[in-house]
Amino acid sequence: MSPEAASSPRAGGRRVRSLLEAVLGGLSLLGAVLAVLPGRDAPGELESVSEREAPARAARHTTSYTLEARLDAELHRVTGRGRIAFVNTAREPVSSLFVHLYLNAFEDARTLFLRSPLRTSRSGRAPVRYGHIDVVRLTSPRFAGRDLWASAARHSPGDPEDRTDIEVPLPEPVAPGERLDLDVEFVAELPSIVERTGFHDRFHFVAQWFPKLARLEPDGTWAHFAFHPYAEFYADFGRYDVTIDVPDGFVVGATGARVEANRSGGRLRVRHVAEPVHDFAWTAWDGFEQHETHIGKTRVTFLYPPAHRLNRDLSERVLRFALPHLSRRFGPYPYPTLTVVEPPPGAEPAGGMEYPTLITTGAPWYAPFVGARLVEAVTTHELAHQWFYGLVASNEARFPFLDEGLTTFAEITTLEGAYGSASFGRLLGLELSGHSVARAVGAEFAADQAIAAAAAEFESFEALGALVYYRMASLLTTLGRVFGPERLERALGEYARENRFEHPRPEALVDVIRAHLGERAAIALERALFERGRVNYAVRDLSSRPVSSSALPASARGQGAPAGSQRYEGRVTVVRQGSLELPVDVLLLAEDGTRHRVAWDGTGHSRSFPYVGSAPLTHAIIDPTHRVLIDDDLLDNYATVSPNRLPRVHERLAYWAALMLGGLAP
Amino acid sequence: MTKSGARGHRVPPFFVAVLTAYFTRAAAGAVTALPLVFGVAASGAERLESDRALFAPGALLLVELLRTGAPTLLASAGSTLVVVPFGLALTLPATALLFVTANTPEAPLGQALPRALRVLPAFVAFGLLELALGVVAVVIGALVAVVVLALSPLGALAEDLLALSCLAAGLVLAAAAGMALDLARAAAVPSAMPLRRALRSASATLRRALAPAAGGYALATGASALLVAVGARGAELLEVERDGAARWVAVVALHQGVLALLAVIQGLWVLRATALVAAGAQTTPGSPRT
């Protein structure tokens, strides 16, 4: 999900949030160094690995669904039934199933989701009308039609107020490699649009709408969890074959490719098939405008409100860049379709979300005029999730940084590739990059929690957003700038390709960083992820004084220096605070314009650099090219003996003040 | 140059008034900006090798400055609000001089200055009234806009456009108040007439010549807006963040040029307002002569 589409529940807020949001309204960056140039990272070789192994992986479907869903658009009710085909791909027998009923997060104010401090979700909106899902029947031919749901637990483990995580004991275990077919009937009462799902007037966004098996880990345990407001999802891959039945006149968008469509009896029935995917969402509204196009071999369908044509144009434009760009970097987009849904006004909580082959964007109609790239950012972010969530299906609840952090990095670097240093927007004549914003937001929360914390462990969604999305993106950018952008691209490309249709843990990411960027980079990554690792460089001392050249050793006098000419010696001391050891350059500037660049490997807590030159030292700058983007405070990297009088700042502010004093009226 | 020659090429007082309007506005801007400049410096920008870095593509250091210096900058912004009235006060005598020289273009500057000082209290009153009316108009527009947004059953686009229209109507009303008060200023200048009589005179002028007055004011406002937009685009193209003092000098020249032209536009409008009021006075028995 895009953080821009979510508001923070944290009262009081942080100053950076108010400052940045006041200027921009919601955000991303870097460019050239991280943009992947075709051919530089041997994509062909990597893709061949991926393409060779992908079919074998895709064949390992664990959970497949064949469902029929009928929408009552007046009652906002979905009646469903169908078959779930479960294969025990674990090493151990399975004696019970865990079924997620995510929609029950919205059934009353006592659920884990809605009893959070602000009684709202990421979107900041509580449901006006509650919604829930009831399983009517769950049977299996293997168990002679016995209703398994009758023996299901009544609530989530350890939480009598929540019904989003239900254990269903099986009459007999399912052995490794065995298949179990389950027939299910259910009724989903949609809530008023609350978060990613629900209805607003006649618009319906139907997500987390069916009984969904939790992810079965290789050791036979289930990765199951009650639906927490900060968490997202985790599931096995499978084949989804879903027939959707809506009133005629409604426009339907859904995961996967449409393989059938027919109208009869005032109803429209469409059948969508997708594989291998791990979720299925759909939308139906009689107000959508529809636009179809192709980007490469992918058929892209845009569904949007009538007044949002300009937003759709922006989405399409950025997708034409981003889809091939991300495919080059992280492996080809493997599905034949992509559906882009922009919810109508009033249904904003459905916007900014990712599902396999279907993404939702969202921005007000005036977004194209505000200067910030709101539409482009959210579109690119959700598209990047097709890789980091969709194809590389890590546990979003336990390790949200693996999908959101990598996605934000991919978003920022993609937008930088498309728009350069104005990747975040162009405001008041200034080019604002996503890296700048991400760095600032992440730095505010750097000391609070570990990036690798589970979603439910974060003290607020604001903290999660700052650390999981933005600090993680800045951390990766830092590793790239310090250890080599091409190496980082190779590492992330390999991670994405090797883990396609897999469920990697953080170790997989650390391993590719170690392999491509080296041990120091891996240590820095681990410390930053798991130990709240930070770094701050600062100049502690800057001084120089005149000396007689004869007092200097011959090696320090400088060749060609006239005999008896005035010479200066001095010293610059820099310190490193925090546990991250990253190499930096230190730039020494003298009054005569000479510049000396010295390197510090970042080990130790401080380092002094001697200076000898023909002019006094005036400035010292640590990391002048801003490679260490996660430096806690960039401005204490600068020191001077002659404070800058800020002529450009004064001129600009004086001009604006003069304009404001007079206004535009004569 | 002979003494008579110098007298023959005497700089028109109105031109001097326009120049004064420009200089005072620029000076008032510089003074008003000072607290914020000090705030930016105290937030760490004074340690930079050059403040070009704050305008660099990507704005990394500018965003960092806003983040780490937020408390200092907010305090500076508060100080700026205290300075604003002084900045406005600085521009008032120049405005008065502009109206006086527009009213009596042939009078030497030596006579215009004392007259400008005489009408200054009235101009202060007009300024306060204009400020109050403007605030009231904009606040009413904003309130109606909020109510529309809260209650309107229309779709979002139509709802937003209606709200924007309300806000725009508030701004137009504020501008209309400004125009009327400029006419009142023009009426007050010749005989330092009391506020109420000047307002009545402005009202009479509007009844008699609404279209010319509104047209002239709108033209001047539109030209000013266009000028500011051109200036902003020009400054962007000059890329002040890049190396070279010449770019910065060019931006300074551009901005000062914009301010000077704004003063010219203001002067032209004042001439127009003065002429409209004078035309009314000549046709209205008992009205003050201009």
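Here is how names work: the chains are called A, B, and so on, in the same order as the sequence lines, proteins then strands, and each is numbered from 1.
A/Glu342 and A/Arg312 are not joined by a salt bridge, as no carboxylate oxygen comes within less than 4.0 angstrom of a charged side-chain nitrogen. A salt bridge links B/Glu49 and A/Arg595; the closest N-O separation between the charged side-chain nitrogens and carboxylate oxygens is under 4.0 Å. Salt bridge status for A/Arg645 with B/Glu46: absent, with no side-chain N to carboxylate O gap under 4.0 Å.
Under the 6.0 Å distance and 45° angle rule, A/Arg309 does not count as a cation-pi partner of A/Tyr304.
For A/Glu289, there are no salt bridge (charged side-chain N to carboxylate O under 4.0 Å, His left out) partners at least two apart in sequence or on another chain. Listed by chain and number, the residues in a side-chain hydrogen bond (donor to acceptor under 3.5 Å, both in side chains) with A/Gln577 are A/Asn536 (sequence neighbours excluded).
Ranking B/Leu48, B/Leu88, B/Leu36 against chain A, the residue ahead of the rest is B/Leu48, based on heavy-atom pairs under 4.5 Å.
For the residue pair B/Arg67 and A/Asp633, the shortest heavy atom distance occurs at NH2-CA, 4.2 Å. Closest approach of B/Ala214 to B/Met179, counting heavy atoms only: CA-SD, 3.5 Å.
Contacts between A/Asp201 and chain B at a heavy-atom distance below 4.5 Å are absent for every atom of the residue. Heavy atoms closer than 4.5 Å to chain B are found in both the backbone and the side chain of A/Leu634. Contacts between B/Val251 and chain A at a heavy-atom distance below 4.5 Å involve backbone atoms as well as side-chain atoms. Both the backbone and the side chain of B/Arg52 come within contact range of chain A, judged by heavy atoms closer than 4.5 Å. Both the backbone and the side chain of B/Ser50 come within less than 4.5 Å of a heavy atom in chain A. Contact of B/Leu164 with chain A is made through the side chain alone, with heavy-atom distances under 4.5 Å. Interface residue A/His650: backbone and side-chain heavy atoms are both found under 4.5 Å from chain B. Heavy atoms closer than 4.5 Å to chain A are found nowhere in B/Leu73, neither backbone nor side chain. A/Leu661 touches chain B through backbone and side chain together, each having a heavy atom under 4.5 Å away. With a 4.5 angstrom heavy-atom cutoff, A/Asp636 touches chain B via backbone and side-chain atoms both. For chain A, the nearby part of B/Ala56 is the backbone; its heavy atoms alone come within less than 4.5 Å.
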